Amino acid sequence: MASPFLLLAVLALAFAQALAYDPTPLQDFCVADLKSNIFINGFPCKNPKTVTVEDFSFSGLNITGNTKNKFGFNVTFVDVMRLPGLNTLGVSIGRADYAPYRILPLHTHPRAAEIFTVIEGTLLVGFVTSNPNNTLFLKSLDAGDVFAVPVGMIHFEFNVGKGPAVAIAGFNSQNPGIIFIRDAVFRSKPPIPVEVLEKSFQVGKDVIEELLAQFK
Ligand SMILES: *[C@@H]1O[C@H](CO)[C@@H](O)[C@H](O)[C@H]1NC(C)=O
Ligand SMILES: *[C@@H]1O[C@H](CO)[C@@H](O)[C@H](O)[C@H]1NC(C)=O
Ligand SMILES: *[C@@H]1O[C@H](CO)[C@@H](O)[C@H](O)[C@H]1NC(C)=O
């Protein structure tokens with residue numbers, strides 16, 4: 001017979017795995033009540049009697065995102081905040097636009113694996129595995145090519161073509177989230193102490209200050 005300790009360890013592991021992805025629905029749907037002031041993991045359900053087809057639809061992924069910004073990309077997430085019917089479904093979708101030779105810089109989705117397809121253009125994409133290997137998986141994708149990014153991995157998409165590029169992405173979370181590495185490291189509010197950045201990257205204060213100035 002398994003020891004109670006072992007049983008507890010197995011149970012803890014099973015619970016941890018269940019928490020790694022969005023929880024599954026306990027009814028047909030639980031359309032998010034985005035205005036509720038009850039704070040739970042996800043959103044409370046709005047009264048099913050008031051649910052309409054509009055709660056399950058969104059229009060606008062046919063619209064080209066404006067890429068006239070510093071990096072030259074634009075991401076439109078259709079997550080639970082934009083499509084309340086996604087609450088508890090564990091999926092979402094998004095569109096990314098890339099200006100020629102510009103990049104969607106290093107980022108991660110803390111709560112979702114991603115699968116995306118290129119609709120237009122050519123993207124050089126890559127993700128890096130966790131420590132200790134830090135292996136880069138790099139590939140060039142043309143229209144119709146599909147790429148998967150494991151949950152939490154740091155990745156990028158670089159439009160290496162001469163024209164604009166467009167991709168449509170699916171996520172296994174109603175709220176995948178996005179962490180841009182540069183924003184988290186160099187644009188936190190309040191800022192991470194310079195000494196912490198110096199010691200983290202093993203460089204001098206001048207290098208850190210130059211980097212910080214890029215993101216002011
Ligand atoms: C996008 O689709 C909507 C219908 O949902 C339409 O009204 C709009 O004109 C389309 N926009 C573009 C840029 O194609
Ligand atoms: C993304 O595109 C939309 C639609 O054109 C625009 O409203 C928004 O400001 C753009 N975002 C950025 C960061 O440029
Ligand atoms: C990652 O690195 C470890 C330690 O060097 C090694 O044992 C392991 O096989 C590597 N895993 C992969 C997927 O390359």
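One-based numbering, in listed order, for ligands and for the atoms of each. Not measured: the values here are computed from a predicted model.
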Within a distance under 4.0 Å of any heavy atom of Asn74, pick out the atoms of ligand 2 and give their elements.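 By the 4.0 Å cutoff, the relevant atoms are 1 (C), 2 (O), 3 (C), 8 (C), 10 (C), 11 (N), 12 (C), 14 (O).
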
Which atoms of ligand 2 are found less than 4.0 Å from any heavy atom of Gly65?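 Reading through ligand 2 atom by atom, the close ones are 2 (O).
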
List the closest protein heavy-atom neighbour of [atom]: residue, atom name, distance to the nearest 0.1 Å.
atom                    : value
atom 4 (C) of ligand 2  : Asn66 N, 4.0 Å
atom 14 (O) of ligand 2 : Asn69 ND2, 3.0 Å
atom 11 (N) of ligand 1 : Asn62 ND2, 3.0 Å
atom 5 (O) of ligand 3  : Pro132 CG, 4.4 Å
atom 3 (C) of ligand 3  : Asn133 ND2, 3.7 Å

May I ask you to check whether Asp97 and Thr67 show a side-chain donor-acceptor distance below 3.5 Å?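 No - no donor-acceptor pair under 3.5 Å links their side chains.
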
With heavy atoms of Ser59 as the reference, note each atom of ligand 1 found under 4.0 Å away.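 Under 4.0 Å from Ser59, ligand 1 has these atoms: 5 (O).
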
Would you say CD of Glu210 has more than 12 non-hydrogen atoms from neighbouring residues, nucleotides or ligands within 6.0 angstrom?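 Check fails, neighbour count at 12 or below.
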
Please name the pair of heavy atoms, one in Ser130 and one in Met153, separated by the smallest distance, quoted to 0.1 Å.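 Distance-wise, the nearest heavy atoms are N-SD, 4.2 Å.
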
Could you point out which residue of [options] forms a side chain to side chain contact (heavy atoms under 4.5 Å, CB included) with [X]?
X      : options                : result
Asn159 : Ile103, Leu124, Leu123 : Leu123
Thr88  : Pro23, Cys45, Cys30    : Cys30
Pro44  : Asn87, Val31, Ile38    : Ile38

Parallel, tilted or perpendicular: ring planes of His109 versus His155, cut at 30 and 60 degrees: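 Tilted: the ring planes of His109 and His155 meet at 30° to 60°.
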
In the complex you have, is atom 7 (O) of ligand 2 within reach of the protein, judged by whether a heavy-atom distance drops under 4.0 Å?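 Within 4.0 Å of atom 7 (O) of ligand 2, no protein heavy atoms are found.
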
